[in-house]
A.B. asks: 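Here it is, the structure, as structure tokens.
Quick note on labels: first sequence line is chain A, next is B, and so on, each numbered from 1.
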There are 2 protein chains.
Amino acid sequence: MPLYFQVATRLQELIEKGEIGVGARIENEVDLAERLGVSRPTTRRAIQYLVERGMLVRKRGVGTQVVHPKVRRPVELSSLYDDLVAGDRSPRTEVLELRTMPAPDPIAAALEVAPGTEVTWIERLRYAGGEPLALMHNAIPVDVLRLTPEDLASHGLYELLRRAGLTPRIATQVIGARSATAAEARILTEKRGASLLTMTRTAWDAGGRALEYGSHVYRASRYSFELNLSAG
Amino acid sequence: MPLYFQVATRLQELIEKGEIGVGARIENEVDLAERLGVSRPTTRRAIQYLVERGMLVRKRGVGTQVVHPKVRRPVELSSLYDDLVAGDRSPRTEVLELRTMPAPDPIAAALEVAPGTEVTWIERLRYAGGEPLALMHNAIPVDVLRLTPEDLASHGLYELLRRAGLTPRIATQVIGARSATAAEARILTEKRGASLLTMTRTAWDAGGRALEYGSHVYRASRYSFELNLSAG
DNA sequence: CTTATCAGTTTGTCATGACAAAGTATTGAC
DNA sequence: GTCAATACTTTGTCATGACAAACTGATAAG
């Protein structure tokens with residue numbers, strides 16, 4: 001574990017425990033470095049880490065202040081399944097459809113691959129707490145990953161990607177809303193015309209290769225997106 | 001302008017122009033630093049900057065690769081008004097209500113201030129391209145900023161905050177959806193029961209002080225949220 | 001009393017040097 | 001020909017030293 005990370009963790013603990021209260025200034029970099037027996041760049045990097053997480057704020061000529069006692073996590077690249085597991089809402093997945101087919105033009109465009117590229121097309125129904133929560137459509141290029149219905153029934157798509165050594169790194173999402181069609185309402189046990197949250201996403205790995213395109217609809221009565229933002 | 005930033009900008013231009021193609025590896029840090037006549041830490045910092053923006057990816061023992069030719073901006077702390085101006089959709093704002101009142105409990109809780117703290121309560125209707133787009137409710141503690149209807153009619157709330165030297169730094173947002181009430185439908189010229197996107201947000205400044213609470217509804221037929229995410 | 005100047009404090013930037021860790025390519029043994 | 005050990009390349013971490021820029025507060029001038 002890197003030194004700067006150890007320092008950051010130690011600082012973070014002090015703040016989370018409240019031993020350095022909100023609004024208080026922490027020791028200046030030079031003294032802190034000397035007291036901990038590390039160099040100033042290392043100290044700076046540790047502080048920088050906590051600044052990026054929204055715990056600390058620096059001001060030149062003034063010092064470094066605690067602004068929030070808890071880490072505000074940035075928006076994360078996780079899947080719904082992971083979120084539900086973390087929230088203890090006992091997710092279950094029903095695979096309604098799984099087949100390979102040439103990508104339709106809009107999906108090929110979203111994935112930034114040639115039109116007609118073979119993709120695995122998946123339609124899944126996600127339950128949480130025994131109730132249907134979301135209807136999810138995904139397209140994964142076949143040369144990225146091959147999937148079986150069994151895998152998908154018991155694991156999140158992102159978990160399967162990670163297991164195959166594929167790490168989503170960058171994603172663009174569009175969140176919107178619309179009314180449920182009759183078919184959607186029936187599947188999600190909502191009334192016709194009920195409001196649905198829609199989310200479309202394309203995710204790329206570190207190599208810039210598109211891993212996944214997703215077009216999902218959520219029951220607005222049961223789900224919302226939570227975001228934590230921090231500006232430079 | 002800092003040296004590392006100049007280097008980053010230069011690299012960024014080369015990549016955006018396509019002179020360094022996607023997938024190509026850039027020169028290694030040591031050589032690049034020497035060629036540009038700067039130190040390796042400065043070069044590293046410049047590269048780090050572009051990595052955080054999703055343009056480059058580093059791999060120890062391998063090198064640094066271009067993964068995307070355009071900057072993927074992180075989710076930004078900007079207001080709807082700013083977005084619309086940038087998108088040339090000629091926004092206009094109608095202030096429906098503006099008064100000071102003690103903050104109701106849920107709003108006081110969101111702002112992390114004492115219940116009953118005086119806030120300015122604002123109800124605005126935002127137009128874009130001549131059509132109503134969003135109905136916005138905001139609460140701003142009076143000791144943070146005092147507002148006049150004239151200011152608000154011609155400027156975004158965030159612009160007014162900035163002008164007063166208040167910079168939103170951290171925010172938490174919740175995005176959801178629901179059906180329009182009869183009153184909302186009438187104001188937004190939608191049908192009754194039309195789907196609306198909802199967004200509630202609390203924004204804090206660098207000092208950890210809550211600047212603003214907002215609860216907005218958007219016409220789902222005319223607006224959606226776009227997010228770019230990048231994972232560490 | 002008000003305002004301008006100046007010194008002190010603290011973070012921001014940059015250079016140099018060194019070693020560690022991870023991945024790749026080459027070489028050698030079998 | 002295959003596999004393992006080795007050398008090489010490249011990024012990751014860390015130390016030391018120095019000066020610049022921004023803010024604060026005290027001091028001096030009006």
A.B. asks: Starting at the 5' end of DNA chain D and moving along, which residue's nearest nucleotide shows up first, A/Arg60 or A/Thr42?
C.D. replies: A/Thr42
A.B. asks: Whole angstrom is fine here: how far is it from CD in B/Gln48 over to C1' in D/dT10?
C.D. replies: 15 Å
A.B. asks: If you look only at distance, which donor and acceptor atoms sit under 3.5 Å apart when one is on a side chain in residues 25-32 of chain B and the other is two or more places apart or in another chain?
C.D. replies:
unit_1	atom_1	unit_2	atom_2	d
B/Glu27	OE1	B/Arg35	NE	3.0
B/Glu27	OE1	B/Arg35	NH2	2.9
B/Glu27	OE2	B/Arg35	NE	3.4
B/Asn28	OD1	B/Val30	N	3.0
B/Asn28	OD1	B/Asp31	N	3.0
B/Asn28	ND2	B/Asp31	OD2	3.0
B/Glu29	OE1	B/Arg40	NE	2.9
B/Glu29	OE1	B/Arg40	NH2	3.0
B/Glu29	OE1	B/Arg44	NH1	3.3
B/Glu29	OE2	B/Arg44	NH1	2.9
B/Glu29	OE2	B/Arg58	NH1	2.9

A.B. asks: Could you list the protein-to-nucleotides 5-9 of chain C atom pairs, N/O on both sides, closer than 3.5 Å?
C.D. replies:
none

A.B. asks: Apply side chain to side chain donor-acceptor pair (under 3.5 Å) to B/Glu94 and list each qualifying residue two or more places apart in sequence or on a separate chain.
C.D. replies: B/Tyr127
A.B. asks: OP1 or OP2 of C/dG12 sitting under 4.0 Å from any side-chain N/O of A/Arg58?
C.D. replies: yes
A.B. asks: Just how far, in rounded Å, is C1' of C/dC14 from CD of B/Glu34?
C.D. replies: 17 Å
A.B. asks: Give the rounded distance in Å between these two atoms: OH of B/Tyr49 and P of C/dT13.
C.D. replies: 12 Å
A.B. asks: Find the distance A/Arg25:CZ to D/dT24:P and express it as a whole number of Å.
C.D. replies: 10 Å
A.B. asks: Is B/Arg45 touching bases, backbone alone, or none of the nucleic acid, heavy atoms closer than 4.0 Å?
C.D. replies: sugar-phosphate
A.B. asks: Tell me: CG of B/Leu56 to P of D/dT10, nearest whole Å?
C.D. replies: 16 Å
A.B. asks: Over 60° means perpendicular and under 30° means parallel, so tell me whether B/Trp121 and B/His137 are parallel, tilted or perpendicular.
C.D. replies: parallel
A.B. asks: OP1, OP2 of D/dC14 versus side-chain N and O of A/Tyr4: anything below 4.0 Å?
C.D. replies: no
A.B. asks: Return yes if some donor-acceptor pair links the side-chain N/O of B/Gln6 with the main-chain N/O of B/Met1 below 3.5 Å, else return no.
C.D. replies: yes
A.B. asks: Looking at A/Thr9 and A/Phe5, would you say the former's side chain and the latter's main chain have a donor-acceptor pair under 3.5 Å?
C.D. replies: yes
A.B. asks: Give the nucleotide from the list D/dT11, C/dT16, C/dT11 with an atom nearest to the side chain of B/Val30.
C.D. replies: D/dT11
A.B. asks: Identify, with sequence neighbours excluded, every residue that meets side chain to side chain contact (heavy atoms under 4.5 Å, CB included) alongside B/Thr198.
C.D. replies: B/Arg178, B/Val217
A.B. asks: Calculate the interatomic distance between A/Met1 atom CE and D/dG12 atom P; express it in whole Å.
C.D. replies: 18 Å
A.B. asks: Would you mind telling me which of C/dC14, C/dG12, D/dT11 lies closest to the side-chain atoms of A/Glu29?
C.D. replies: C/dG12
A.B. asks: Please write out each protein N/O paired with an N/O of nucleotides 17-19 of chain C under 3.5 Å, distance rounded to 0.1 Å.
C.D. replies:
unit_1	atom_1	unit_2	atom_2	d
C/dA18	N6	B/Arg40	NH1	3.4

A.B. asks: Please enumerate all residues that pass side chain to side chain donor-acceptor pair (under 3.5 Å) together with A/Tyr49, with sequence neighbours excluded.
C.D. replies: A/Arg53
A.B. asks: Compute the ring centroids of A/Tyr218 and A/Phe225, then answer whether they are less than 6.0 Å apart.
C.D. replies: yes
A.B. asks: Using atom CG of A/Leu3 as one end and atom C1' of C/dA21 as the other, report the distance to the nearest whole Å.
C.D. replies: 15 Å
A.B. asks: Could you state the atom-to-atom distance from CZ of B/Phe5 to P of D/dA20 in whole Å?
C.D. replies: 22 Å
A.B. asks: Taking the side chain from A/Gln12 and the backbone from A/Leu50, do they hold a donor-acceptor pair closer than 3.5 Å?
C.D. replies: no
